[in-house]
Amino acid sequence: MSQVRRAGSARKGARRTTSRKTIAAGSAPRRLRNWAEAQVRGARYSAVNAARLGAGLAIFAFAAFALFIILTGQLSSITGGIATATQNRLASLGFEIRNVDVTGVEEGRVAAVAEATGAMHGQPAFAFDPAVAREQVVAISWVRDAQVARLWPDRIAVVVEPRTPFALWQMNGRFHLIDRDGVVLEEVAAGSHPELPLIVDAGAPEAAAEILDVLAHYPEIARRTVAVVRVGSRRWNLRLDTGADVKLPEEEAGAALALLAAMQSERGVLRLDAEVIDLRQPGEMIVRALPERMGGERDA
């Protein structure tokens, strides 16, 4: 029996020894794996730190370069060069100005408007500034307003609202067309545009619209008026076809003309050989006849 137990005990001891050897043998690969994983984690950490450091250095270098460019005043030249290169590249793809279409003006003025835009054949379309072009077109004396737009890929459209001649202004023996706002459009020859009313002397263009609008309500007086003369930049005289001067007041010129129209209807005062018809006093009309023709009349 004792032998059997010893043998059994020996077998148990052998099993325990084998188990310890197995554990010892299996622990080596685990330690190797743990070491390898630690090395990988360390390498990853180092790579992340290196990447962060590199990014930080790159940002610092870019910021330093940008600061240098700004301080030395080279930023605009660099960005301008990039923009120019981009515009030229787009022009090579068909985005270049080939036509300038002008509408709203007579044919003889189309070239002047096109030239004022500053657009040139072959110019990159993206280099053309419609806002600047509009300012240059509106600067033309006879242009009231204008719209300028790019029509992709290669056209510029200009729509012009011209100023309309409203009256003929005489000053120091020279004649100019003016519009309703009193803007001088151009110089013209004496005797041109007989269909327009004639205004005379300094300060007349700015105030012409008001008196001419009032005069239009009295067609017979307007028909007999050959010139509207500004006096002292304060009031108006009407020069009639008889040679008489109708002196209007500074204020209430309309009321004075209404009185003159009534007297014409009743007595035909516009046919008198008068030197002056003075309406400067409210409700009164003073007629001073020509000395040599007192009481004479002219046929209407």
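In what follows, residues are counted from 1 in the order of the sequence shown. Please read these numbers as outputs of a predicted model, since none were measured by experiment.
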Using the rule that Ile, Leu, Val, Met, Phe, Trp and Tyr join whenever any side-chain heavy atoms are under 4.5 Å apart, tell me whether I277 and M263 fall into a single cluster. yes
Donor-acceptor list for residues 278-290 side chains, cut-off 3.5 Å, not counting sequence neighbours:
{"from": "D278", "atom 1": "OD1", "to": "R280", "atom 2": "N", "distance (Å)": "3.0"}
{"from": "D278", "atom 1": "OD1", "to": "R280", "atom 2": "NE", "distance (Å)": "3.0"}
{"from": "D278", "atom 1": "OD2", "to": "R280", "atom 2": "NE", "distance (Å)": "3.3"}
{"from": "D278", "atom 1": "OD2", "to": "R280", "atom 2": "NH2", "distance (Å)": "2.8"}

Please name all residues satisfying side-chain hydrogen bond (donor to acceptor under 3.5 Å, both in side chains) with E107, sequence neighbours left out, ordered by chain then number. none
Applying side chain to side chain donor-acceptor pair (under 3.5 Å) as the test, list every pair that has at least one member in residues 166-176; sequence neighbours left out. R174-E187
Please answer: with hydrophobic residues joined when any side-chain heavy atoms are less than 4.5 Å apart, are V184 and V138 in the same cluster? no
How long is the straight-line distance from CE of M120 back to CD1 of I97, given to the nearest 0.5 Å? 8.0 Å
Are W142 and V158 linked, directly or through intermediate hydrophobic residues, by side-chain heavy-atom contacts shorter than 4.5 Å (ILVMFWY only)? yes
In this structure, would I221 and V231 fall into the same cluster of hydrophobic residues linked by side-chain contacts under 4.5 Å? no
Applying side chain to side chain donor-acceptor pair (under 3.5 Å) as the test, list every pair that has at least one member in residues 127-140; sequence neighbours left out. R134-D145
Distance in Å, I156 CD1 paired with L151 CG, rounded so as to fall on 0.5 Å steps: 7.0 Å
Nearest-0.5 Å distance, CD of residue E96 to CD of residue Q123: 10.0 Å
Please answer whether the main-chain N or O of V269 pairs with a side-chain N or O of Q264 as donor and acceptor at a distance below 3.5 Å. yes
Using modelled atom types only, decide if a donor and an acceptor are shared between the side chain of R150 and the backbone of F128 within a distance under 3.5 Å. yes
Which side-chain N or O atoms in residues 192-210 pair as donor and acceptor under 3.5 Å with protein atoms at least two apart or in another chain?
{"from": "S192", "atom 1": "OG", "to": "A189", "atom 2": "O", "distance (Å)": "2.7"}
{"from": "H193", "atom 1": "ND1", "to": "E195", "atom 2": "OE2", "distance (Å)": "3.3"}

Those residues at least two apart in sequence (or on a different chain) that pass side-chain hydrogen bond (donor to acceptor under 3.5 Å, both in side chains) with E161 are none
Hphob cluster co-occupancy, V276 + L248, side-chain heavy atoms under 4.5 angstrom: no
